Amino acid sequence: MRLLRASLLLSCLLASSCVLAESLRVELILFRQAPTPADASRPAPDDWAVGAQLPDEKAIDRLDEVAATLVPPAGYQVLWHDSWFQETGDLVRLSDGALRYGHAPIEGTLLLDSGRFLRLDLGLWVNRFGRYDELTASEHLSHEGQVTLGKLTYLDHPSLGVLIQVSRP
């Protein structure tokens with residue numbers, strides 16, 4: 001009887017630890033929704049990716065039709081569209097474009113944390129560079145909140161927007 005209880009307890013613990021470190025598929029579309037950038041008070045910090053790791057692996061984009069509707073005649077411009085696999089609890093480094101003195105044109109981090117709800121902590125910078133590749137200005141989009149698995153979620157900013165979908169692989 002004790003062996004049965006111990007094995008039942010062990011299987012429950014193993015099952016709950018699997019939920020804590022779940023692999024998720026993330027797709028993100030970053031777009032401009034205003035004709036002029038809304039600069040942050042400070043450019044992106046040099047340590048913007050401390051503790052972050054690259055995503056596990058790339059995934060196939062599924063939101064191409066949605067991205068195709070975000071066109072200049074409609075008042076939008078897609079800046080970046082990507083998808084990847086990510087473990088919950090991992091802080092992932094996001095970037096697009098060539099690095100210039102440690103900064104990319106688009107850079108940021110994403111943390112997905114599971115518990116009772118799926119929590120998202122996203123920080124993105126859209127950077128502009130000067131004549132000598134020095135960072136001159138940044139737009140910063142920051143969002144903390146909940147997302148629903150499988151649902152396309154819109155995150156707002158004065159000059160930027162994000163569409164993000166988090167689902168099981």
Side-chain angles (χ1 to χ4, degrees), residues 23-100 102-114 117-130 135-169:
S23 180
L24 297 171
R25 184 188 175 286
V26 181
E27 187 161 358
L28 186 143
I29 302 170
L30 171 66
F31 59 95
R32 181 167 308 290
Q33 61 183 4
T36 57
D39 291 337
S41 59
R42 295 179 291 140
D46 289 336
D47 62 350
W48 65 271
V50 168
Q53 59 191 21
L54 293 173
D56 290 339
E57 62 181 276
K58 295 289 184 182
I60 296 171
D61 294 339
R62 296 181 183 163
L63 298 176
D64 288 334
E65 288 181 22
V66 173
T69 65
L70 300 170
V71 293
Y76 305 105
Q77 176 191 6
V78 173
L79 302 174
W80 183 55
H81 179 193
D82 204 359
S83 55
W84 62 91
F85 295 101
Q86 178 174 344
E87 296 288 324
T88 57
D90 287 351
L91 180 64
V92 171
R93 172 189 175 139
L94 309 172
S95 68
D96 186 50
L99 286 178
R100 304 174 193 175
H103 290 280
I106 296 170
E107 59 192 17
T109 59
L110 174 65
L111 174 67
L112 294 170
D113 204 8
S114 65
F117 301 100
L118 184 61
R119 298 225 9 104
L120 168 138
D121 186 353
L122 175 68
L124 285 173
W125 287 269
V126 177
N127 297 318
R128 287 190 304 286
F129 299 91
L135 181 61
T136 58
S138 300
E139 293 171 89
H140 183 218
L141 183 148
S142 179
H143 183 83
E144 289 183 44
Q146 298 174 2
V147 291
T148 303
L149 278 176
K151 182 180 175 188
L152 186 61
T153 303
Y154 168 67
L155 308 177
D156 194 18
H157 177 273
S159 62
L160 303 171
V162 167
L163 290 171
I164 187 166
Q165 186 173 47
V166 181
S167 56
R168 290 191 172 92

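All heavy atoms count here, side chains included; hydrogens, waters and symmetry mates do not. Along the sequence shown, the residues carry numbers beginning at 1. It should be emphasised that the depicted structure is a prediction, and the values quoted were computed from it without experimental measurement.
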Quiz item: If every non-hydrogen atom of Pro169 is compared with every non-hydrogen atom of Ser23, which pair is closest and at what distance?
Solution: CD-O, 3.3 Å

Quiz prompt | Donor-acceptor contact below 3.5 Å, side chain Trp48 vs main chain Gly102 | solution = yes

Self-check item: Nearest heavy atoms of Ala38 and Pro158, plus distance in Å
Solution: CB-CB, 4.2 Å

Exercise. Compare every heavy atom of Gly161 with every heavy atom of Tyr154, then report the nearest pair and how far apart it is.
Key: CE1-CA, 4.3 Å

Quiz item: Is the CZ atom of Phe129 crowded by more than 12 outside heavy atoms at less than 6.0 Å?
Solution: yes

Quiz item: Between the side chain of Arg32 and the main-chain N/O of Pro72, is any donor-acceptor distance below 3.5 Å?
Solution: no

Practice problem: Determine whether Trp80 and Leu28 make a side-chain contact, defined as any pair of heavy atoms from C-beta on separated by less than 4.5 Å. | Solution: yes

Quiz item: Which atoms form the tightest heavy-atom contact between Pro37 and Arg128, and what is the distance?
Solution: CB-NH1, 3.4 Å

Quiz prompt | side-chain contact (heavy atoms from CB on, under 4.5 Å) between Leu79 and Asp96, worked out | solution = CA-CA 9 Å; Leu79 302 174; Asp96 186 50; over 6 Å; no

Practice problem: Might you point out which heavy atoms bring Ser138 and Ala44 nearest each other, and give the distance in Å? | Solution: OG-N, 2.9 Å

Quiz prompt | Result of checking Asp90, Leu118, Val147 against Leu24 for side-chain contact (heavy atoms from CB on, under 4.5 Å) | solution = Leu118

Practice problem: Could you check if a side-chain atom of Arg62 sits within less than 4.5 angstrom of a side-chain atom of Ser167, using non-hydrogen atoms only? | Solution: yes

Exercise. Show the numbers, then the answer: is there a side-chain contact (heavy atoms from CB on, under 4.5 Å) between Leu155 and Thr153?
Key: CA-CA 7 Å; Leu155 308 177; Thr153 303; 4.0 Å; yes

Practice problem: Measure the CD-CG distance between Glu27 and Asp64 for me, rounded to the nearest 0.5 Å. | Solution: 7.0 Å

Quiz item: Side chains of Glu139 and Asp39: closer than 4.5 Å at any heavy-atom pair?
Solution: yes

Quiz item: Rounded to the nearest 0.5 Å, what separation is found between the CG atom of Leu111 and the CD atom of Glu144?
Solution: 9.0 Å

Quiz item: Is there a donor-acceptor pair under 3.5 Å between the side chain of Gln33 and the backbone N or O of Ser159?
Solution: no

Quiz item: Of all heavy-atom pairs between Asp46 and His103, which one has the smallest distance, and what is that distance?
Solution: OD1-NE2, 2.8 Å

Exercise. Measure the CD1-CG distance between Ile164 and Leu122 for me, rounded to the nearest 0.5 Å.
Key: 6.0 Å

Quiz item: Do the non-hydrogen side-chain atoms of Tyr76 and Ile29 ever get within less than 4.5 Å of each other?
Solution: no

Self-check item: Distance (rounded to the nearest 0.5 Å) between Leu163 CG and Thr69 OG1
Solution: 8.0 Å

Quiz item: Can you tell me how far the CD atom of Gln165 sits from the OG1 atom of Thr148, to the nearest 0.5 Å?
Solution: 11.0 Å

Practice problem: For the pair Gln86 and Val166, evaluate side-chain contact (heavy atoms from CB on, under 4.5 Å) and give the outcome as yes or no after the intermediate values. | Solution: CA-CA 10 Å; Gln86 178 174 344; Val166 181; over 6 Å; no

Exercise. Could you grab the distance from atom CZ of Arg168 to atom CG of Leu149, nearest 0.5 Å is fine?
Key: 5.0 Å

Practice problem: Report, as yes or no, whether the 6.0 Å neighbourhood of atom CD on Glu65 holds more than 12 heavy atoms from other residues, nucleotides or ligands. | Solution: no

Self-check item: Contact check, side chains of Phe31 and His81, non-hydrogen atoms, under 4.5 Å
Solution: no

Self-check item: Among His140, Arg100, Glu107, the one residue meeting side-chain contact (heavy atoms from CB on, under 4.5 Å) with Asn127
Solution: Glu107

Self-check item: Heavy-atom side-chain proximity of Leu160 to Leu124 below 4.5 angstrom
Solution: no

Exercise. Please tell me if the side chains of Leu91 and Asp121 come closer than 4.5 Å, counting only heavy atoms from C-beta onward.
Key: no

Quiz prompt | Side chain proximity check, Asp82 to Lys58, heavy atoms < 4.5 angstrom | solution = yes

